[in-house]
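In what follows, every heavy atom counts, from backbone to side chain, and hydrogens, waters and symmetry copies are set aside. Here is the naming used below: chain letters follow the sequence lines, and residue numbers restart at 1 for every chain. All of these numbers come straight from a predicted model, not from anything done at the bench.
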There are 2 protein chains.
Amino acid sequence: MATGNSEATKARILEAARDEFSAHGIAGARVDRIAKAAGCNKNLLYIYFQSKETLFATVLEQNLRRVYDELRFTPDDLPGYAARVFDFAMANPGLMRLMAWAGLEQEAGDVALRNAAQSAKVAAMEAAAHDADGPGARLAPEFLLTAILALATAWSAASPFGPRLSPGLAADPATLRAQIADAVAAIAAARTGP
Amino acid sequence: MATGNSEATKARILEAARDEFSAHGIAGARVDRIAKAAGCNKNLLYIYFQSKETLFATVLEQNLRRVYDELRFTPDDLPGYAARVFDFAMANPGLMRLMAWAGLEQEAGDVALRNAAQSAKVAAMEAAAHDADGPGARLAPEFLLTAILALATAWSAASPFGPRLSPGLAADPATLRAQIADAVAAIAAARTGP
DNA sequence: GAGTCCTAGCTAACTCGTTAGTTAGTCTAC
DNA sequence: GTAGACTAACTAACGAGTTAGCTAGGACTC
């Protein structure tokens, strides 16, 4: 056999690292705690991953990939997309925190991957919205996309607004999702200009 | 004279601490760096503020107070309010990061202050929106308020979306502010239900 | 089929720079 | 000569990263 059970150990480390980084960020995370939670020796972290930093980068990339895999973008159903993003964000609070930490603690990160995904979505939205334009243009796709993401994640664990300010709303995800979808529909139909 | 120039030193420490915490968070901040930036001895930090944690809490409270002081809430002009929040967020990237760090690193923080502000705004919105309701109710004020904040700050330095994904938009604040105002107007006018 | 070597997977214990927090004392003005 | 503002130097612990070595089992030799 090629690998023995080292792959299982790696997986356990990545899982423990995800939890630790999600809870404490890069600077606050403790390598010893990760090793203990993974039930293995600290040195293995340095054998399998080179440093705390690269371990974080690995965890982040692995989890970002999950986002892109699980969230299909539907340019012709933006409210539905927002609802799915909302569900995903509520179902994965740890992942949302991880992304927030990365945004604060890392300079740039893997801009390439994210920019490609962004451009693809913008292009798809432009293609889907070539129907008639009345007086005043629609809001720009690039703007609309960010607005959708901001709205859909405003009640996630990583947001300073939603869950902290109105815990009552966050406790009722179904109506919250409906309200987000309604709001996105309103923005998508909105026209700018006089 | 009562105080000598210790007040000036305290102010320099708070300023240096704001910058350090804003850049690195609580766990990543270094007390020695703060002292050096403030041009004073490290021990003074512990004399004037008790610990790193309470220094952070002091910095946060002082700056949150600025937010509440400088941002007048206008329930009858929500797009205008959103535009002002946007301007404030763009003008104070360090403060936005500070709030983001606080949300991630602290358990609860000063819930009382924020909850009071939130309730006051919700009540003001309800009072301002007692005109006729057509078929389908308006979106709940509590929801609308969080949505506005999420939209208005989506391009701030602390957001994982706006500035990182579409730096082009962030470079043109005037149209961005207009788009945010339009979007908020659309949501505020939106009705929910069938 | 016993002895020896080798490798993958793993661990205990260590190093050493860093860091929050402290102590003891200096200096200046009144 | 005392009190307020401040400093240099210290301490104790922590924490990332390292070293040296253990153990099980396969394989190869005779």
Side-chain angles (χ1 to χ4, degrees), chain A residues 1-62 98 101-102 104-107 109, chain B residues 1-62 98 101-102 104-107 109:
Chain A
M1 82 190 59
T3 52
N5 60 345
S6 78
E7 291 303 319
T9 307
K10 275 189 198 176
R12 279 201 331 274
I13 292 174
L14 283 172
E15 190 185 354
R18 164 172 49 76
D19 293 345
E20 177 74 9
F21 283 128
S22 164
H24 305 286
I26 304 178
R30 294 292 166 253
V31 176
D32 294 271
R33 274 201 299 248
I34 297 176
K36 189 173 181 185
C40 73
N41 190 274
K42 177 167 58 155
N43 191 26
L44 287 185
L45 305 200
Y46 292 96
I47 292 176
Y48 294 142
F49 313 93
Q50 288 76 34
S51 66
K52 195 189 185 187
E53 302 284 326
T54 57
L55 177 56
F56 178 83
T58 308
V59 167
L60 181 67
E61 199 213 327
Q62 179 185 260
L98 208 61
W101 287 116
L104 285 173
E105 297 195 286
Q106 292 188 316
E107 313 297 284
Chain B
M1 78 190 63
T3 53
N5 59 348
S6 78
E7 290 303 319
T9 306
K10 275 189 198 176
R12 283 203 326 278
I13 292 175
L14 283 171
E15 190 186 353
R18 163 171 50 75
D19 294 345
E20 176 75 10
F21 284 128
S22 164
H24 305 286
I26 304 178
R30 294 293 166 252
V31 176
D32 293 273
R33 275 201 300 251
I34 296 176
K36 188 174 181 184
C40 73
N41 190 273
K42 177 169 58 153
N43 191 26
L44 288 185
L45 305 200
Y46 291 95
I47 292 176
Y48 295 141
F49 313 94
Q50 288 76 34
S51 66
K52 195 190 186 187
E53 301 286 326
T54 56
L55 177 57
F56 178 84
T58 307
V59 167
L60 181 68
E61 198 213 329
Q62 178 185 259
L98 208 59
W101 286 116
L104 285 173
E105 296 194 286
Q106 292 188 317
E107 314 297 286

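Between B:R33 atom CZ and C:dT18 atom C1' the separation is 12 Å, expressed in whole Å. B:L45 has its CG atom 14 Å from the P atom of D:dA8, to the nearest Å. When the P atom of D:dT7 is taken as reference, atom CZ of B:R12 falls 8 Å away, rounded to whole Å. Between A:Q50 atom CD and D:dA16 atom C1' the separation is 15 Å, expressed in whole Å. Between the CD atom of A:E53 and the P atom of D:dG15 there is a distance of 16 Å, rounded to whole Å. The interatomic distance linking B:L55 (CG) with C:dT19 (C1') rounds to 15 Å, in whole Å. Separating the CG atom of B:N41 from the C1' atom of C:dC27 is a distance of 14 Å, rounded to the nearest angstrom. Distance, A:I47 CD1 to D:dT19 C1': 11 Å, rounded to whole Å.
Here the nucleotide nearest the side chain of B:Y48, chosen from D:dT18, C:dC10, D:dA5, is D:dA5. Counting only heavy atoms from C-beta on, A:S51 has its side chain closest to D:dG17 among C:dT11, D:dC6, D:dG17. Nearest nucleotide to the B:L44 side chain, out of C:dC10, C:dT23, D:dC6: D:dC6. The nucleotide whose nearest atom lies closest to any side-chain atom of A:C40 is, among C:dA20, D:dA16, C:dT11, C:dT11. The side chain of A:R30 lies closest to D:dG15, out of D:dG15, C:dA20, D:dT18. Relative to the side chain of A:K52, the nucleotides D:dT18, D:dA16, C:dA20 differ in distance, and D:dA16 lies closest.
Checked for salt-bridge contact, B:E7 and B:K10 meet the test: a charged N lies under 4.0 Å from a carboxylate O.
Across all strands shown, B:A27 has no heavy atoms under 4.0 Å from either base or sugar-phosphate atoms. Contacts of A:A35 with the nucleic acid, taken as non-hydrogen atoms under 4.0 Å apart, are absent.
Put simply, the side chain of B:W101 never gets that close to the backbone of B:I26: no donor and acceptor are under 3.5 Å apart.
Residues B:R30 and B:E20 form a side-chain contact, since some pair of their non-hydrogen atoms from C-beta on lies under 4.5 Å apart. In this structure, A:L14 and A:L55 have side chains that are in contact, with non-hydrogen atoms separated by less than 4.5 Å. Here the side chains of A:L60 and A:Q106 are in contact, with some heavy-atom distance below 4.5 Å.
Classification of the B:F56-B:F21 ring pair by plane angle, with boundaries at 30° and 60°, yields perpendicular.
B:T9 has a side-chain polar atom (N or O) that falls below the 4.0 Å cut-off from OP1 or OP2 of D:dC6. Listed pair B:S6 / D:dA5 meets the phosphate criterion, a side-chain N or O lying under 4.0 Å from OP1 or OP2.
Judged by distance alone, with hydrogens and angles left aside, B:K42 brings a side-chain donor or acceptor within reach of the base of C:dG21, the pair sitting under 3.5 Å. Counting atom types as modelled, B:D32 pairs no side-chain N or O with a base atom of C:dT18 as donor and acceptor under 3.5 Å.
Looking at which nucleotide of DNA chain D each of A:Y46 and A:N43 is closest to, the 5′-most match is held by A:Y46.
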